[in-house]
Structures are given as C-alpha cells and as structure tokens.
Number of protein chains: 4
Amino acid sequence: MQATQDTKPRWERRKDARPQELLAAALEQFVERGYAATRLEDVAKRAGVSKGTLYLYFANKEELFKAVVRENIVATIGEAEQDAAAFDGPSGELLGALLMKWWNEICSTPLGGIAKLMLAEGNNFPELAEFYNEEVVARGSNLFTRALERGVARGDFRPVDPVVMTQVLIAPVMMLLMWTHSYIPTCDMPPVEPGPFMATFLETTLRGLKADTP
Amino acid sequence: MQATQDTKPRWERRKDARPQELLAAALEQFVERGYAATRLEDVAKRAGVSKGTLYLYFANKEELFKAVVRENIVATIGEAEQDAAAFDGPSGELLGALLMKWWNEICSTPLGGIAKLMLAEGNNFPELAEFYNEEVVARGSNLFTRALERGVARGDFRPVDPVVMTQVLIAPVMMLLMWTHSYIPTCDMPPVEPGPFMATFLETTLRGLKADTP
Amino acid sequence: MQATQDTKPRWERRKDARPQELLAAALEQFVERGYAATRLEDVAKRAGVSKGTLYLYFANKEELFKAVVRENIVATIGEAEQDAAAFDGPSGELLGALLMKWWNEICSTPLGGIAKLMLAEGNNFPELAEFYNEEVVARGSNLFTRALERGVARGDFRPVDPVVMTQVLIAPVMMLLMWTHSYIPTCDMPPVEPGPFMATFLETTLRGLKADTP
Amino acid sequence: MQATQDTKPRWERRKDARPQELLAAALEQFVERGYAATRLEDVAKRAGVSKGTLYLYFANKEELFKAVVRENIVATIGEAEQDAAAFDGPSGELLGALLMKWWNEICSTPLGGIAKLMLAEGNNFPELAEFYNEEVVARGSNLFTRALERGVARGDFRPVDPVVMTQVLIAPVMMLLMWTHSYIPTCDMPPVEPGPFMATFLETTLRGLKADTP
DNA sequence: AATGAATGAGATTTCATTCAT
DNA sequence: GATGAATGAAATCTCATTCAT
C-alpha cells in the first residue's frame with residue numbers, strides 16, 4: 001500500500017503535480033496581493049518555476065485565476081448542497097450549520113481571500129465578475145434562501161422575505177471574511193475574533209428570526 | 001479690494017480654492033476605480049487641469065488620497081459624536097438612529113466607496129491603512145460601542161460584549177456598502193436593495209438585542 | 001519674412017514637429033527591418049526619444065504604421081489622379097509617364113519599402129493588409145486601368161483586357177521595387193539597375209501593346 | 001532481412017528517412033507564415049513529433065530552412081539546365097517554355113512561397129540571403145540569360161542586353177508569384193489569375209522582343 | 001533516438017513622476 | 001502658478017533553445 005505502485009519516472013509524476021503546485025502558489029499570491037497587483041512572476045517564483053512555465057499550463061492571468069476558483073471553491077459548494085438536502089431537523093439548526101460550515105471551510109481559509117478579492121476588484125474585471133457570480137455567488141446564495149423558505153414554511157421562523165433575509169444573513173459572515181483577510185489584523189484596532197463574532201451574530205440573528213410565540 | 005477681510009495671504013486663499021476641485025475629482029475617480037487602478041491623469045482630466053498641476057498641491061498619489069479622506073470623512077464623524085452625546089431616549093432608538101445616519105450620510109454616498117476601497121486594497125498600502133484606521137475606523141467604532149454600553153447599563157439590551165456586538169452591528173452595513181459599490185448591481189443576481197435590507201437587518205437585530213422579558 | 005513670425009516658444013514648436021520626426025523614424029525603421037521585426041524601442045531611439053514618447057502620439061504599433069502610410073503615400077496618389085485626368089496626348093506616353101512617375105516618386109524612394117513590406121508581411125497582419133489595399137492598392141491600380149481603357153478606345157493600343165494588362169504592367173515595377181529594397185544589392189549578383197530596367201521594360205511593353213498596323 | 005543491399009549503416013538510413021517528414025512540414029509552415037513568424041513548435045506539431053526532435057536533425061531554425069531549400073529547389077534547377085541545352089528550335093519557343101516550366105513547377109507550387117519569403121525577409125537574415133543567392137538565384141538567372149543570348153545570336157530577337165532583359169523577363173513571373181502567395185487573394189481586389197496573366201505577359205513580351213522586320 | 005517540460009531574454013504597452021517653458 | 005511632453009521602470013506574454021528522463 002505504501003510501497004510505490006507508481007511506475008512513472010519521477011519527472012512525469014512531477015508533470016502531473018505541476019498544475020496543482022502552480023494553482024496553490026497562485027491562490028496564495030492572489031489572496032495576499034489581490035488580482036491586479038499579483039505579478040505572474042511572483043506566482044512563478046513562489047512555485048519555484050520560471051515565468052514561462054506558468055504559460056505552459058494556463059493561457060493567461062485570467063485563466064489562471066478561473067482555474068484557482070474552479071479548483072478550490074466550486075467543488076465545495078456541491079457538498080453543501082447535498083448536506084442541506086439531507087438535513088432533517090429544526091430550521092434554526094440547519095441555518096446555523098450552513099453558516100458555520102461556510103465560515104469554517106471557506107471563509108476562514110485562504111479561499112476566503114478569493115471572495116474578498118472579487119468584491120474588491122470585480123468592478124475592474126467584469127469578465128471575472130461574471131464568471132464568479134455564475135459559478136459561486138448564485139449557487140451559494142441559493143442554499144440559504146431555501147433554508148429560510150423551509151423555516152418559514154415549517155413555522156420555525158417568523159415570516160420574512162427569504163431573498164432579503166439571505167442577504168442579511170450572508171452580510172456579517174462576508175464582512176467577517178473581509179476583515180479577516182484585510183489589513184485589520186495588522187492594525188491597533190481591537191481585532192475581530194471569529195469565534196465570538198460568529199457566536200454573537202448567530203445568537204442574535206436566530207433569536208431575531210424566531211417565530212413570535214403568542 | 002486689496003484690503004483683506006480675509007486674514008490669510010492671497011496665495012493661500014488661492015491654494016485653498018483650487019484643491020477642492022481636485023479633491024472632488026479624486027474622490028470620484030478613486031471610488032469608481034479603486035486606489036491602485038486610479039490613474040492620476042484621469043483625476044486631472046476630470047478636474048479640468050493638467051497632470052502636473054496635481055503635483056503642485058499634493059506630493060504624490062498617497063498624499064492626494066489622504067487629503068480626500070480628511071476632507072470628506074473625518075469631519076462628518078465629529079457631528080455624529082455630538083448627536084449621540086445629546087440623545088436621550090431608549091437605546092434601541094439611539095442605535096437605530098446612529099446606524100441609519102451612518103448609512104444615509106456616508107455609506108450610501110460616494111464616501112462609502114472610500115471605505116470599500118480601504119477594505120479591498122488596504123493590504124497593499126499599509127501606510128494608507130494605518131492612517132485610515134486611526135482617523136476613521138477607531139473613532140467611528142467607538143460611537144456604537146458606547147451606545148451599546150449605555151443600552152446594557154440601562155437595561156434596554158440583554159448583556160452582550162459591547163466590542164464584539166459593535167462588530168456584529170457594523171458588519172451588515174459595511175457589507176451593504178460593499179455590495180452597493182461593487183459589481184453586484186451589474187449582475188443578474190437579485191440586487192441588494194438598501195431600504196429593505198436595512199429594515200430587515202434593524203428589525204431582526206434589535207429584536208435579538210432586546211433584554212429578555214421575564 | 002525670414003525673421004521669425006513664429007511666436008511660439010521653442011518647446012512648443014518642438015511639440016508640433018514631434019509627430020513628423022517620429023513618423024520619419026518609423027518609416028526608416030519599418031523599411032529597414034519590416035513590420036514585425038521593427039521594435040518600437042528602435043524607432044524611439046532613432047527619433048531620439050524614449051519608448052514611452054511614441055505612445056503619446058500613436059496608440060500602438062499598428063496605428064503608427066497606418067500613420068506612416070497615410071502621411072507618406074496616400075497624399076501622392078491624389079496628385080497622380082489629377083495629372084492623368086489632365087493629360088492630352090498619345091496613350092503610350094500617358095502610360096509611360098504614369099509608370100515613370102510611380103517609380104520615381106514612390107517606388108525608388110523609401111516609400112517603396114512600405115509596399116515591399118506589405119507584400120511580404122500582409123499575410124500575417126490582415127488588418128494592415130485590408131487598410132493598405134483600400135487606401136493604396138485599389139486607388140493606384142485604377143490609374144493604370146483607366147489609361148489602358150483610354151488607349152484601347154482611342155486605337156492607340158491593340159485590344160487587351162485592361163484589368164489583366166494592368167497587372168502585367170504593374171508587376172515589373174513592383175518587382176524592381178522588391179529587388180531595390182531587398183537583399184539583392186548586398187549580394188554578388190549582377191545588380192538590377194533601375195534605369196536600364198525601366199527603359200528596357202517600357203520599350204518592350206509599349207511595343208508589345210501597340211495596335212497592329214495593317 | 002538483416003542483410004543489407006543498402007550500403008549505408010543502419011542508423012544513417014533512419015536518419016535519412018525521418019528528416020523528409022520534418023522538411024515537408026517545415027516547408028508548409030515557412031510558406032504559410034514566413035521565416036521569422038514560423039514557430040518551431042508548429043513545425044513539430046505538423047510533423048507529428050516533439051519540438052526536441054527537430055533539434056536532433058537540424059542544429060537550429062536556420063539550418064532547418066537551408067535544408068528545406070536544398071531538398072526542394074536546388075534539385076529542380078539541374079533538370080531545367082539540361083532541357084535548355086537540348087532544345088532545338090526558335091528562341092521564342094525556348095524562352096516561353098522555360099518561363100512556363102519555371103512557373104508551373106516552382107513558382108505556382110509551395111516552393112514559390114520560399115522565393116517570396118526570401119525576397120521579403122532576406123534583409124533580416126543575411127546568411128540565409130547569401131546562401132539562397134548562391135544556390136538558387138544565380139543558377140536560375142543564368143538559364144534565361146543564355147536563352148536570350150542564343151536568340152539574339154540567331155537573329156530571333158532584336159538586340160537587347162541579355163542580363164537586363166533577363167531581369168525584365170523574370171520580374172513579372174516573380175511578381176505573379178508574390179501575389180499568388182500574398183494577401184492579395186483574400187482581398188476585394190480583382191484577383192490576379194495566373195493563366196491570363198502569363199498568357200498576356202508572354203504574348204506582349206515575345207512580340208516586344210521580336211526582331212524588327214525590314 | 002525521442003520527448004516535452006522548463007527556461008529566460010525580449011517584445012509591447014502602461015503610468016507615476018519630473019521638469020523645461 | 002500652470003502646463004503637458006517626456007521619461008523609464010515594470011507588467012504581461014512569446015518562443016528558440018536546452019536537457020533530464
């Protein structure tokens with residue numbers, strides 16, 4: 001099992017691994033510096049290759065970025081969709097679970113930096129914005145909207161507009177993400193601590209959503 | 001004519017008048033394109049002057065940006081501090097008033113674009129970030145934290161950590177601001193509408209903050 | 001008259017002259033190296049300016065090239081059109097005059113290098129080819145075709161297809177142009193000498209065109 | 001099977017076979033795109049081998065090009081030299097036959113593209129130009145010059161300078177070749193059609209060459 | 001012999017900043 | 001004070017050539 005069944009010569013295994021290494025380096029660099037400010041040479045240097053090598057695998061900066069998104073984010077959304085469909089219990093719990101999973105598996109990881117970046121630079125790169133909205137934002141929002149509809153239908157929640165409420169729910173987490181990936185940590189501000197923030201937010205919001213008891 | 005009621009020497013009055021136009025143009029351009037992507041040539045064109053003229057009044061791009069912030073945002077915060085100190089009534093109302101004022105007078109105006117920009121690009125320009133935190137973020141947050149402390153002290157609110165709760169309160173408005181100034185409006189997503197968003201958010205949060213009734 | 005009526009300061013006169021200097025440098029460089037092999041840095045160096053300066057006057061390499069063509073060639077064609085319209089005499093003379101003028105004023109000058117370049121590289125730059133055909137080739141060919149039609153109509157020439165004959169007439173001059181602007185002069189081949197070539201060609205062709213005498 | 005009727009050692013036979021495919025691919029690519037614009041990767045792809053393989057057979061791009069010329073053009077010239085020596089008849093016919101053969105067997109085939117390319121890019125690649133002139137241009141021109149000398153000596157042609165007249169004869173065919181392999185066919189110009197062009201050219205030129213009848 | 005991943009010099013283009021007028 | 005022409009460093013992308021396997 002641990003003995004190598006891999007019969008390929010080393011350099012060929014290297015070739016297979018190369019795109020992953022480049023994508024990892026690109027993710028780090030994009031998150032650290034943003035899209036426009038990321039120089040492909042730095043991505044290359046981080047991956048330990050030359051500028052030219054990047055172009056063997058990705059046609060240009062834009063395609064590199066899209067590949068990072070596809071590789072890292074799109075996949076995760078599918079899982080969450082299945083989790084939500086399978087859930088059976090009070091809607092407050094479903095909502096809390098979705099939000100925590102979203103936070104823990106995407107927002108708090110380097111991937112969160114991608115979301116920040118899109119919000120920050122989407123205006124200047126319309127094609128990327130469109131791509132990101134279709135592949136990520138639209139599908140992600142849906143998850144929460146459906147959970148809210150379920151909650152209202154079951155009487156778990158007071159009646160709210162599920163689309164607007166989705167935005168209200170998403171906003172604090174997105175903002176926590178923005179702060180986490182922004183200059184804030186390096187400043188003398190009282191730092192935003194994800195644990196207490198999420199707890200306070202959830203407690204407050206789920207209380208605020210609860211159906212009025214007569 | 002040459003007698004001056006204005007105590008400033010003449011060249012300084014001139015120096016006072018011209019920068020206003022430059023700052024207005026710079027604000028618009030920074031909001032539209034972000035800090036890094038703003039070309040000084042476009043700022044100059046918008047102000048109807050030459051590129052060189054900008055350098056007569058501002059040492060470089062960074063100083064121009066700082067001047068924009070000082071000119072537009074710092075002043076407004078003082079007012080709000082006074083309003084809050086003078087308020088006498090239920091803390092829920094105070095909080096709601098502060099949040100709405102913040103939204104209406106800053107976030108929803110072009111100035112909101114500056115906040116977005118700092119969040120988005122602060123990492124790449126640490127000196128700007130530090131400046132902005134000291135002059136804007138720190139003083140602004142304080143307002144909300146004190147209102148929360150007042151509410152808890154008066155028994156208007158259930159006991160919460162006022163610093164964390166400040167972050168939870170600020171987050172959705174900041175996020176609304178991000179969305180308002182981002183690519184979202186141009187996409188096929190259901191648009192985020194400030195009115196319903198703020199209403200839903202306030203209703204939900206103030207309910208969630210209310211002291212438990214025995 | 002020779003005292004300067006020009007009231008502009010020197011640098012401003014320089015500004016007006018600048019585009020001309022750049023176009024002259026570009027013409028030389030394009031002719032010497034071809035379109036693709038011309039580096040804008042070399043054009044700049046030849047004009048004694050920096051790379052960036054070129055972009056103050058021409059949006060990119062393609063526009064620079066088009067400007068060279070417009071500035072130098074398009075104008076000359078208009079003149080020839082008027083000359084031809086005004087001509088009154090035997091068609092053989094008209095044809096000879098047109099061919100000699102074409103050779104003397106365009107083909108044998110650096111401008112001939114542009115024609116060579118288009119023939120050589122047009123395939124790789126379709127937009128340039130289209131531009132050049134519309135502005136130069138189409139209008140130029142017309143001149144000869146009309147002169148041939150006139151000659152046949154007047155009985156100066158035996159009946160020939162004027163379009164095909166235009167091509168046959170143009171071909172040797174074009175080829176002389178190609179040779180003149182090609183590597184040939186630097187080789188140990190017997191050089192092609194324009195004077196005898198044109199004389200021999202005209203003599204032969206005009207004899208061949210003459211209407212049969214009964 | 002292993003007994004060889006072929007006297008060459010085995011590795012040399014192999015080395016003989018493979019290059020043919022590479023040369024064919026290189027010819028096509030050079031003709032299609034020119035020398036400088038031809039990427040060795042495309043040549044390799046066309047030949048169905050890897051880029052590295054090219055370097056096993058040809059030291060570099062330049063040697064590859066020379067091999068293409070040797071392989072395809074140099075051989076053909078020898079044949080024509082023999083045909084001309086054996087010809088017995090009126091010099092007009094000989095000249096016509098040589099020109100038509102040249103057109104049909106070289107110029108109108110892909111090989112014509114090589115001639116175009118040399119004329120177009122020779123300036124930028126002096127070593128190639130020298131090589132091409134020695135191997136191709138000099139020997140080719142000779143054929144026509146000798147036929148003209150023969151015609152003048154026999155009284156078939158009026159007295160002309162055979163070297164200059166060679167250039168005048170060659171020029172239209174070369175030009176037809178240039179047009180055939182240039183952007184012209186793709187333009188809205190009246191296309192140059194080889195059949196009528198050659199007929200018109202030959203008719204006109206042979207008439208123009210004919211000795212004056214007393 | 002054959003591969004194809006990797007390299008790095010070099011080309012076009014952009015833009016904050018300077019400075020002669 | 002005001003101008004805007006000029007600069008040159010830096011970013012993206014290309015491709016002939018090399019070399020480990």
Side-chain angles (χ1 to χ4, degrees), chain A residues 8-19 36-44 47-64, chain B residues 10-11 14-15 18 36-45 48-62 64, chain C residues 8-16 18-19 36-44 47-64, chain D residues 10-11 14-15 17-18 36-45 48-62 64:
Chain A
K8 292 179 185 173
R10 223 181 324 149
W11 66 265
E12 203 166 333
R13 269 182 282 131
R14 186 74 185 276
K15 178 202 162 188
D16 288 350
R18 192 37 55 87
T38 284
R39 299 183 305 130
L40 292 197
E41 182 151 24
D42 292 338
V43 174
V49 301
S50 75
K51 244 183 318 177
T53 300
L54 272 178
Y55 286 88
L56 294 178
Y57 296 94
F58 306 99
N60 50 42
K61 198 180 182 180
E62 186 174 324
E63 288 305 318
L64 174 61
Chain B
R10 227 181 320 154
W11 64 266
R14 180 65 187 266
K15 219 179 166 185
R18 173 56 58 98
T38 283
R39 300 185 302 134
L40 292 196
E41 179 149 27
D42 292 338
V43 174
K45 201 169 293 171
V49 302
S50 75
K51 231 189 315 185
T53 302
L54 277 177
Y55 283 86
L56 293 178
Y57 294 97
F58 307 99
N60 51 39
K61 200 181 182 180
E62 187 173 321
L64 173 61
Chain C
K8 291 178 184 172
R10 224 179 325 148
W11 66 265
E12 204 167 331
R13 268 180 284 132
R14 185 74 185 273
K15 180 203 162 186
D16 288 349
R18 193 37 54 86
T38 284
R39 300 183 303 130
L40 292 196
E41 182 151 25
D42 292 339
V43 174
V49 302
S50 76
K51 246 182 317 178
T53 301
L54 273 178
Y55 285 88
L56 294 178
Y57 296 94
F58 307 99
N60 51 40
K61 198 179 182 180
E62 187 174 323
E63 289 304 319
L64 174 61
Chain D
R10 229 180 318 155
W11 66 265
R14 180 64 188 268
K15 217 178 168 188
R18 172 55 60 99
T38 283
R39 301 184 303 133
L40 291 196
E41 179 149 27
D42 292 338
V43 173
K45 201 169 292 171
V49 303
S50 74
K51 231 189 317 185
T53 301
L54 277 177
Y55 282 86
L56 293 178
Y57 293 97
F58 308 98
N60 51 39
K61 200 181 183 181
E62 187 173 322
L64 173 61

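The analysis underlying the following values was restricted to heavy atoms, covering all of them including side chains, and did not include hydrogens, waters or symmetry mates. Letters go in sequence order (proteins before strands), and every chain restarts at 1.
- Nearest to the side-chain atoms of A:Ser50 among the listed nucleotides F:dT7, E:dT7, E:dA2 stands E:dT7.
- Spacing between atom CD of A:Glu63 and atom P of F:dC13 amounts to 11 Å, rounded to whole angstrom units.
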B/S/- contact track for nucleotides 10-16 of chain E, protein heavy atom under 4.0 Å: BSSBBSB
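- Residue A:Phe58 contributes atom CZ, which lies 16 Å from atom P of F:dT12 at whole-angstrom precision.
- D:Asp42 places its CG atom 8 Å from the P atom of F:dC15, with the value rounded to the nearest Å.
- Residues passing the side-chain contact (heavy atoms from CB on, under 4.5 Å) test with C:Phe58, sequence neighbours excluded: C:Leu22, C:Leu23, C:Leu64, C:Ala67.
- The distance from atom CG of D:Leu54 to atom C1' of E:dG4 is 12 Å, rounded to the nearest whole Å.
- Nearest heavy-atom pair, D:Asn60 versus D:Tyr55, reported as atom, atom and distance to 0.1 Å: CA-CE2, 4.1 Å.
- Within the 4.5 Å cutoff, no side-chain heavy atoms of A:Leu54 are placed close to those of A:Lys61.
- Between C:Tyr57 and F:dA6 there is a side-chain polar atom (N or O) within less than 4.0 angstrom of OP1 or OP2.
- Distance, A:Leu56 CG to F:dC13 P: 14 Å, rounded to whole Å.
- Comparing F:dA6, F:dT3, E:dT7 by their closest approach to the side chain of B:Thr53 singles out F:dT3.
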Which dot-bracket notation, 5' to 3', represents the base pairing of DNA chain E when pairs are defined as Watson-Crick or G-U with both distances under 3.5 Å, crossing pairs as [ ], and inter-strand pairs as |? .||||||||||||||||||||
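- Separating the CG atom of A:Leu64 from the P atom of F:dC13 is a distance of 10 Å, rounded to the nearest angstrom.
- The stretch residues 51-60 of chain B participates, sequence neighbours left out, in these salt bridge (Lys or Arg N to Asp or Glu O under 4.0 Å) pairs: B:Glu41-B:Lys51.
- Listed by chain and number, the residues in a side-chain hydrogen bond (donor to acceptor under 3.5 Å, both in side chains) with D:Thr53 are D:Ser50 (sequence neighbours excluded).
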